[in-house]
Amino acid sequence: MKHAMLGIASALMLLAWSAAAHADIRICNHAGEKIWVAMAAYQSGRWISSGWYGHENGTCRTLVKGRPTNTRYYFHVQGESGKRWGGPNRFCVEPNDAFTIERAEEISWCEPRPFFCRWTADGPREEIVVTPGYAGLHESRCDI
């Protein structure tokens with residue numbers, strides 16, 4: 001019985017480690033239209049924004065594979081109809097083409113867009129579900 005309990009405990013620890021090791025950040029589109037996503041994260045001492053990641057309605061897409069390296073990621077979503085989902089933080093984007101922008105928080109020279117934040121330090125997996133009424137999520141620990 002003691003050996004069986006140790007085996008169960010070892011299996012549970014392995015499952016917990018495995019779930020944490022395979023953490024992802026995914027965006028699922030239930031907005032009723034095609035969406036494009038831009039994201040921003042702090043990397044190598046600077047803010048970097050990138051996009052546009054297209055999602056057909058009813059699909060999910062992993063934007064960060066594996067364990068996130070930051071505790072917070074920022075997202076801006078645009079719908080095919082022109083609808084936008086954002087929050088109180090602003091980062092630079094290239095409005096019409098694929099982009100990667102370093103120092104994306106320096107918005108005096110670019111077209112800034114509102115980004116919402118997702119805190120990633122509390123769980124092994126983060127899934128953002130965009131719906132027509134989704135307003136993003138703002139937490140005080142996300143303020144830049």
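Being a predicted model, the structure only gives us computed values, none of them experimental.
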Q | Step-by-step side chain to side chain contact (heavy atoms under 4.5 Å, CB included) determination, Phe91 to Ile101 | A | CA-CA 9 Å; Phe91 292 99; Ile101 299 174; over 6 Å; no
Q. Taking the six-membered ring where the residue is Trp, are the ring centres of Phe75 and Trp85 under 6.0 Å apart?
A. no
Q. Between Pro132 and His30, what is the shortest heavy-atom contact and its length?
A. CD-O, 3.4 Å
Q. Can you check whether Glu80's main-chain N or O pairs, donor with acceptor, with Glu33's side chain at less than 3.5 Å?
A. yes
Q: Kindly determine whether Ile27 and Leu63 satisfy side chain to side chain contact (heavy atoms under 4.5 Å, CB included), including the steps that lead there.
A: CA-CA 7 Å; Ile27 301 258; Leu63 294 180; 3.5 Å; yes
Q: Decide side chain to side chain contact (heavy atoms under 4.5 Å, CB included) for Lys34 and His55; before the verdict, give the C-alpha distance in whole Å, the side-chain angles of both, and the deciding distance to 0.1 Å.
A: CA-CA 6 Å; Lys34 184 173 183 176; His55 303 273; 6.0 Å; no
Q. How far does CD1 of Ile128 sit from CD1 of Ile25, to the nearest 0.5 angstrom?
A. 7.0 Å
**Q.** Heavy-atom pair with the smallest gap, counting every atom of Gly86 and His76
**A.** CA-ND1, 4.5 Å
Q: Consider only side-chain heavy atoms of I, L, V, M, F, W and Y, link residues closer than 4.5 Å, and tell whether Phe99 and Trp47 are in one cluster.
A: yes
Q: Could you pull out the closest heavy-atom pair between Trp52 and Pro95, with the gap in Å?
A: NE1-O, 3.9 Å
**Q.** Qualifying residue, where the test is side-chain hydrogen bond (donor to acceptor under 3.5 Å, both in side chains) with Arg46 and the options are Glu102, Glu106, Glu105
**A.** Glu102
Q) To the nearest 0.5 Å, how far apart are SG in Cys60 and CZ in Arg26? A) 4.0 Å
Q: Treat each ILVMFWY residue as a node, draw an edge where side-chain heavy atoms are under 4.5 Å apart, and state whether Ile48 and Trp109 are in one component.
A: no
Donor-acceptor pairs under 3.5 Å, side chain of residues 36-43 to any protein atom, not counting sequence neighbours: which ones?
from, atom 1, to, atom 2, distance (Å)
Tyr42, OH, Gly45, O, 3.4

(Q) Please check: side-chain N/O of Asn29 versus main-chain N/O of Thr59, any donor-acceptor pairing under 3.5 Å? (A) no
Q. If you look at every heavy atom in Ser49 and Ala104, which pair is closest and at what distance?
A. OG-CB, 3.3 Å
Q: Consider only side-chain heavy atoms of I, L, V, M, F, W and Y, link residues closer than 4.5 Å, and tell whether Val64 and Val77 are in one cluster.
A: yes
**Q.** Contact summary for Arg90 and Ile107, nearest pair of heavy atoms
**A.** O-CG2, 3.9 Å
Q) For the residue pair Ser50 and Thr100, what are the closest heavy atoms and their distance? A) CB-OG1, 3.9 Å
